[in-house]
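What follows is one structure encoded as C-alpha cells, with my remarks underneath.
All ligand and atom numbering here is 1-based and tracks the order in the structure. Everything numeric here is computed off the predicted structure, so don't read it as measured data.
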Amino acid sequence: MSDNVQTVKVLSKTTWTPNLFSFTVTRPESFKFTAGQFVRLGVNPSRLAYHQQAGNSDAPDEEIFRAYSMVSSPYDETLEFFSIVIEDGAFTSQLQHLQEGDELLLKTMPFGFLTLARYQEPAPKDLWLLATGTGIAPFLSMLQDLQTWENYEHIVLAYSARTKEELAYLDLINTLEADFGGLVDNPAKFTFVPIVTREKVEGALEERFPKLLVNGELEQFVGAKLDPEHSHVMLCGNPQMVEDTRNTLRDEKGMAMNRRGMGNIAVENYW
Ligand code: NAP
C-alpha cells in the first residue's frame with residue numbers, strides 16, 4: 001500500500017433515512033485538512049462484514065474510491081462523513097452496508113477549494129452557506145471551526161432537502177451557535193434557514209434557491225440583504241442547483257465568482 005493510503009476503522013453509523021446515512025472512522029494522526037475540504041475514501045466490498053456474514057462470494061474484490069467531504073472539524077479526533085445511497089452506484093450501494101469495525105481506505109491528500117482561505121480580500125460582514133442534500137457536509141465542518149465564527153458578523157446556513165425527514169443534522173445545527181460561537185469574542189450571529197421543497201413544513205421555506213432569491217423570501221427570512229460588498233456566498237450540492245443559483249446571484253445581485261481570492265461566490269458540485 002502506498003504511503004498516502006491509510007486504513008481507517010468504522011466507529012459508528014447513523015441512519016437518517018433509507019437513503020441517507022453518516023459514519024465516523026478513526027483519524028490517522030498524520031491526516032490534516034482544512035474545514036470544507038474533501039478526501040478520497042475507498043472500500044473493498046468483499047471485505048465488508050455484511051458480505052462476509054451473508055456468505056456473498058460474488059461481492060467485488062477490488063477497491064473503489066470516491067470523494068467525500070468531512071462533516072467533522074479539522075480539530076476532531078475522528079472523521080465523519082455524510083452519504084446518500086445512489087441506486088446502482090458502485091460505491092454507495094456498498095457503503096450503505098458499513099458496520100462498526102469495518103475497514104475503509106483513506107487517501108490522505110485533502111483537496112477542494114470550498115474553504116475560507118480562498119477569500120483573500122478583507123472579509124465582508126456576512127457569510128451565506130447554501131446547500132442541497134449531502135452538500136451540507138463541508139459547511140458543517142466549517143461551522144465547527146472557530147475561525148468561521150471569528151471572521152464574520154452574520155452567518156447564514158440555508159439547507160434545502162426534498163422532505164423534512166431528509167434534513168439531517170438538525171440537532172447539531174441547533175447547537176452550533178452556542179457551542180462554537182460561544183467560544184470566541186464577538187461571535188457571528190447565526191441564522192439557519194430550513195428549506196423543504198416537496199412537502200409543507202411549518203417554519204421552513206418551500207421553494208428552490210433561485211426562486212427564493214428572486215422573490216426575496218430568503219433575505220426576508222434572514223432579515224438581511226445579500227449584496228456584493230458585504231456578502232460571501234458558498235454553494236454546495238446538486239450541480240444544477242449550483243449552476244442555477246450562481247447565475248441568479250450574478251443576474252439579480254450583481255455578484256461575481258471568486259477567482260484569485262476576489263469575488264463573492266465559491267462553489268462545489270457535490271456529485
Ligand atoms: P436533490 O435532487 O439534489 O434535492 C435536494 C434539494 O435540492 C431539494 O430541495 C431539491 O428541490 C433541490 N434542488 C434540486 N435541483 C435544484 C436546482 N436546480 N436548483 C435549486 N434547488 C434544487 O436530492 P438528493 O437527495 O441530494 O439527490 C437526489 C438524486 O440525485 C438521487 O436520485 C440521487 O441518486 C442523485 N445523486 C445524488 C448524489 C448526492 O451526492 N447527493 C450523487 C449522485 C446522484 P426539488 O425538490 O424541487 O427537486
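- Among protein heavy atoms, atom 10 (C) of ligand 1 sits closest to Thr197 OG1, 3.8 Å.
- Ion pairing between a basic and an acidic side chain is recognised when a charged N comes within 4.0 Å of a carboxylate O; Glu100 and Lys13 show no such pairing.
- Across Leu130 and Met241, no two heavy atoms sit closer than the pair O-CE, 4.0 Å.
- Residue Glu87 places no N or O, backbone or side chain, under 3.5 Å from any N or O of ligand 1.
- At least one heavy atom of Pro210 sits less than 4.0 Å from an atom of ligand 1.
- Closest heavy-atom approach to atom 2 (O) of ligand 1 within the set Gln240, Arg162, Glu206: this belongs to Arg162.
- At least one N or O atom of Ser160 sits closer than 3.5 Å to an N or O atom of ligand 1.
- Under the 30°/60° scheme for interplanar angles, the aromatic rings of Phe38 and Tyr270 are found to be tilted.
- At least one N/O-N/O distance between Ala161 and ligand 1 falls below 3.5 Å.
- A tilted orientation is assigned to the rings of Tyr169 and Trp16, their planes being inclined by 30° to 60°.
- Between Leu176 and Gln144, the closest heavy-atom pair is CD2-CG, 3.9 Å.
- Checked against a 3.5 angstrom limit, the closest N/O atoms of Asn238 and ligand 1 fall inside it.
- With respect to atom 19 (N) of ligand 1, the closest heavy atom belonging to the protein is Met241 CA, 3.3 Å.
- The nearest protein atom to atom 22 (C) of ligand 1, hydrogens excluded, is given as Arg208 NE, 3.7 Å; this is a heavy-atom distance.
- A continuous path of hydrophobic side-chain contacts links Phe139 to Val196 [ILVMFWY only; heavy atoms under 4.5 Å].
- Here the shortest heavy-atom pairing between Phe82 and Ala168 reads CZ-CB, 3.6 Å.
- For atom 26 (O) of ligand 1, the choice among Ala137, Gly89, Gly133 with the nearest heavy atom turns out to be Gly133.
- Heavy-atom contacts of Thr134 reach the following atoms of ligand 1: 39 (C), 40 (O), 41 (N) (cutoff under 4.0 Å).
- When only non-hydrogen protein atoms are considered, atom 44 (C) of ligand 1 lies nearest to Trp271 CE3, 3.3 Å.
- With a 4.0 Å heavy-atom cut-off, ligand 1 is reached by the side chain of Arg198 but not by its N, CA, C or O.
- Among protein heavy atoms, atom 18 (N) of ligand 1 sits closest to Asp244 OD2, 3.1 Å.
- Heavy-atom minimum distance, Pro138 versus Ser69: CD-OG, 3.2 Å.
- Under a 4.0 Å N-O distance rule, the pair Glu202/Lys164 does not qualify as a salt bridge.
- Distance from atom 7 (O) of ligand 1 to its nearest protein heavy atom, with residue and atom name: Thr132 CG2, 3.1 Å.
- Other residues, nucleotides and ligands place more than 12 heavy atoms under 6.0 Å from the CE atom of Met257.
- Ile84 CD1, 3.5 Å is the protein heavy atom nearest to atom 25 (O) of ligand 1.
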